[in-house]
There are 2 protein chains.
Amino acid sequence: MIIQKSTAPRISEFDPENFSFGNMFTDHMVICEYEDGKWGEVKLMPYGPLPFTPAMMGVNYGQACFEGMKAYKDKDSQVFIFRPEKNFSRINKSASRLAMPEIPAEVFLEGLKALVDLDRDWIPYGEGNSLYIRPLIFATEEALKARISNKYMFAIVATPAKSYYSAPVSVKISDYYSRAANGGVGFAKAAGNYAASFYPTQLANEEGYEQIIWTDDSTHEYFEESGTMNVFVRINDTIYTPPTSEKILDGVTRDSFIQLANKRGIELKVEPISVKSVIEAHKNGTLKEIWGVGTAVVTTVFKAIGYQGEKLELPQLPLEESFALTLQKDLVDLQTNVAEDPFGWRVLVEKSI
Amino acid sequence: MIIQKSTAPRISEFDPENFSFGNMFTDHMVICEYEDGKWGEVKLMPYGPLPFTPAMMGVNYGQACFEGMKAYKDKDSQVFIFRPEKNFSRINKSASRLAMPEIPAEVFLEGLKALVDLDRDWIPYGEGNSLYIRPLIFATEEALKARISNKYMFAIVATPAKSYYSAPVSVKISDYYSRAANGGVGFAKAAGNYAASFYPTQLANEEGYEQIIWTDDSTHEYFEESGTMNVFVRINDTIYTPPTSEKILDGVTRDSFIQLANKRGIELKVEPISVKSVIEAHKNGTLKEIWGVGTAVVTTVFKAIGYQGEKLELPQLPLEESFALTLQKDLVDLQTNVAEDPFGWRVLVEKSI
């Protein structure tokens with residue numbers, strides 16, 4: 001690995017009490033370039049601009065995919081990342097579906113650990129605070145042909161992130177727009193999936209909903225995801241979540257919630273969730289909770305669902321009654337070294353640079 | 001418009017007899033940046049790299065769409081572009097669906113004409129030769145939040161293009177993969193649509209097919225597009241092409257073919273094409289031609305279609321019997337000022353820079 005430390009670090013300008021998520025980047029980034037059929041050397045270097053022309057294939061033909069991860073700092077200043085091998089394996093699944101070269105494990109994992117190690121001072125202390133980490137791969141060849149690119153960049157950039165707390169939101173069950181086709185790229189963290197979701201979400205916002213519960217594009221009868229998150233529904237004391245598929249992202253937080261529910265002995269069924277069953281459960285009072293999970297916010301609890309022009313209110317349960325909030329706390333405590341980690345999910349980032 | 005001419009033009013290195021399409025760019029490009037809710041001034045400047053970080057939203061969340069156009073030079077060195085208002089209107093439809101700001105007409109059309117005017121020496125003479133022009137819009141804000149970007153770049157780059165002739169190809173009718181969801185972005189020239197098509201196309205290549213005929217994702221019973229082109233089928237002496245929809249691109253070449261067929265009195269029906277009807281027509285000998293149309297190649301004739309493991313050969317008709325080749329010739333003659341233009345499609349690019 002080539003290490004080139006910043007000669008003009010900005011860390012002294014970073015106020016952990018007062019920053020906005022996602023716009024302020026740490027002092028360094030990782031890059032690794034693919035050319036002539038192979039990945040080059042990993043480079044840890046100052047965060048900043050690189051030269052690209054508007055003919056870059058990544059912005060013309062959309063070969064681009066990413067991951068979202070977090071690093072946490074405990075009260076003793078130890079730094080941890082969470083299940084990094086899951087993100088490593090998933091970025092390669094995304095890359096394969098987009099006909100991009102897979103990243104070797106050492107490029108991904110060593111690059112990741114080196115960046116988090118070197119920029120560890122950017123990780124804010126305190127409950128729920130973290131460093132949000134963005135690995136991505138994108139096509140960099142300059143060419144105006146709709147074909148697979150011959151050049152790529154793998155990069156990792158990072159930004160400090162605040163408390164995971166997010167207020168309960170209202171979500172609209174989609175009856176027209178959809179995010180994934182059968183035989184498409186819905187399961188991949190493909191850049192284009194996000195762009196496609198913005199306009200329908202904007203329309204939902206105008207109707208008073210923060211997010212969309214995406215349904216299957218053929219019938220709109222089954223839940224797929226919610227916003228950019230996996231979705232969980234609790235009816236009586238059973239949790240349901242749709243099975244992953246070519247249309248549904250295999251979320252790391254989703255998988256962690258499933259295992260944490262099992263550990264607590266909460267009944268959880270991985271099976272298709274029909275819109276009809278949710279609406280019926282709301283009518284007969286057995287619908288207790290619906291929530292989304294993802295790396296960025298961990299959990300977003302839904303306070304209302306919109307369906308066929310009606311806004312159906314959901315009960316707001318306190319922590320001790322809520323499966324969503326209980327599992328969220330279990331997960332965050334494990335991630336931040338407040339609780340034991342019987343799963344071996346937490347990975348310590350050693351000081352070595 | 002700000003005009004900054006190249007001080008190191010590369011035109012003298014350009015050999016119109018010996019170049020490869022898509023990798024060699026003309027001396028200039030157009031850029032225009034969007035910020036604080038408005039587009040800035042159009043800039044015609046030397047082609048080259050601009051500074052972007054890997055946190056650029058365009059490669060993270062895929063807000064990016066493009067157009068493909070051509071400029072032609074006649075024997076008297078007059079330069080023409082073709083139906084530019086169609087591409088202008090379509091890039092804004094794509095932009096809207098991706099929640100990106102629309103481009104004003106003067107930015108798009110004046111930028112386009114200025115670039116073609118200034119780089120007119122890059123347009124090769126000769127039948128079928130042209131300059132391929134790529135207008136595109138992509139998100140440029142640096143932010144790691146899955147939301148609509150606040151900054152964009154509109155750019156136009158160009159590359160010399162050779163003869164439109166392309167050899168007949170074999171195509172596979174898709175029975176698993178698909179390019180568009182109901183309620184999705186299939187009608188838009190969204191960057192992500194192309195990335196999603198590469199892997200299925202690669203698999204088809206391995207089975208001996210150059211392209212895929214995309215079918216509807218719910219049933220795979222109806223034709224949508226072929227490769228990156230609109231598709232036409234001729235049964236007996238009637239041409240069929242699917243109606244445009246939210247899943248099918250409203251192609252400029254497609255529309256031109258329809259109008260040219262009408263002008264010749266060839267029967268053409270815009271209606272759904274079922275896979276079953278095409279296979280039946282092949283069996284009973286009434287399937288005469290299938291072809292794809294698009295700006296880059298104008299027409300690609302299909303010599304075989306793959307369906308359920310069988311490769312069905314198609315007759316190869318000479319120009320005087322082929323509707324595909326006849327309409328292609330009509331179009332190219334019109335585009336290159338060899339024939340009259342009763343439609344008013346050809347637009348002369350005046351010398352003014």
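Note that this is a predicted model, so its numbers are computed, not measured. In what follows, chains are A, B, ... by sequence order, proteins preceding strands, each numbered from 1.
- Put simply, of A/Ala190, A/Ser178, A/Gly58, the one with the most heavy-atom pairs under 4.5 Å next to chain B is A/Ser178.
- For B/Phe21, the parts lying under 4.5 angstrom from a heavy atom of chain A are both the backbone and the side chain.
- Counting heavy-atom pairs closer than 4.5 Å to chain A, the top-ranked of the candidates B/Ala180, B/Ala195, B/Cys65 is B/Ala195.
- Below 4.5 Å, heavy atoms of chain A meet heavy atoms from B/Leu50, B/Pro51, B/Phe52, B/Thr53, B/Pro54, B/Ala55, B/Met56, all part of residues 50-57 of chain B.
- In this structure, a donor-acceptor pair under 3.5 Å is absent between the side chains of A/Glu246 and B/Tyr177.
- Of the listed residues (B/Lys145, B/Lys247, B/Gln202), the one with the most heavy-atom contacts under 4.5 Å to chain A is B/Lys145.
- Counting heavy-atom pairs closer than 4.5 Å to chain B, the top residue among A/Tyr61, A/Phe25, A/Tyr194 is A/Tyr61.
- Of the listed residues (A/Gly192, A/Ala64, A/Ala196), the one with the most heavy-atom contacts under 4.5 Å to chain B is A/Ala196.
- With a 4.5 angstrom heavy-atom cutoff, A/Thr228 touches chain B only via side-chain atoms.
- For A/Phe198, the parts lying near chain B are the backbone and the side chain together; criterion is any non-hydrogen pair under 4.5 Å.
- The contact between B/Tyr176 and chain A is made by backbone and side chain atoms together, counting heavy-atom distances below 4.5 Å.
- Of the two parts of A/Val59, the backbone and the side chain both hold a non-hydrogen atom closer than 4.5 Å to a non-hydrogen atom of chain B.
- Proximity to chain B (any heavy atom under 4.5 Å) is shown, for A/Ser174, by neither the backbone nor the side chain.
- The contact between A/Arg147 and chain B is made by backbone and side chain atoms together, counting heavy-atom distances below 4.5 Å.
- Each of A/Leu98, A/Val157, A/Asn60 has some count of heavy-atom pairs under 4.5 Å with chain B, and the biggest count is that of A/Asn60.
- Close approach to chain A, defined as a heavy atom under 4.5 Å from one of its heavy atoms, is seen in B/Arg134, B/Leu136, B/Phe138, B/Glu141, B/Glu142, B/Ala143, B/Leu144 of residues 134-144 of chain B, taken by number.
- Proximity of a side-chain donor or acceptor of B/Arg97 to a complementary backbone N or O of A/Tyr199 within less than 3.5 Å is not detected.
- Only the side chain of A/Tyr47 comes within contact range of chain B, judged by heavy atoms closer than 4.5 Å.
- Chain B forms the most heavy-atom pairs under 4.5 Å with one residue out of A/Pro200, A/Ala155, A/Gly68, A/Gly186, and that residue is A/Pro200.
- B/Asn182 places a side-chain N or O within donor-acceptor distance of the main-chain N or O of A/Asp217, the cut-off being under 3.5 Å.
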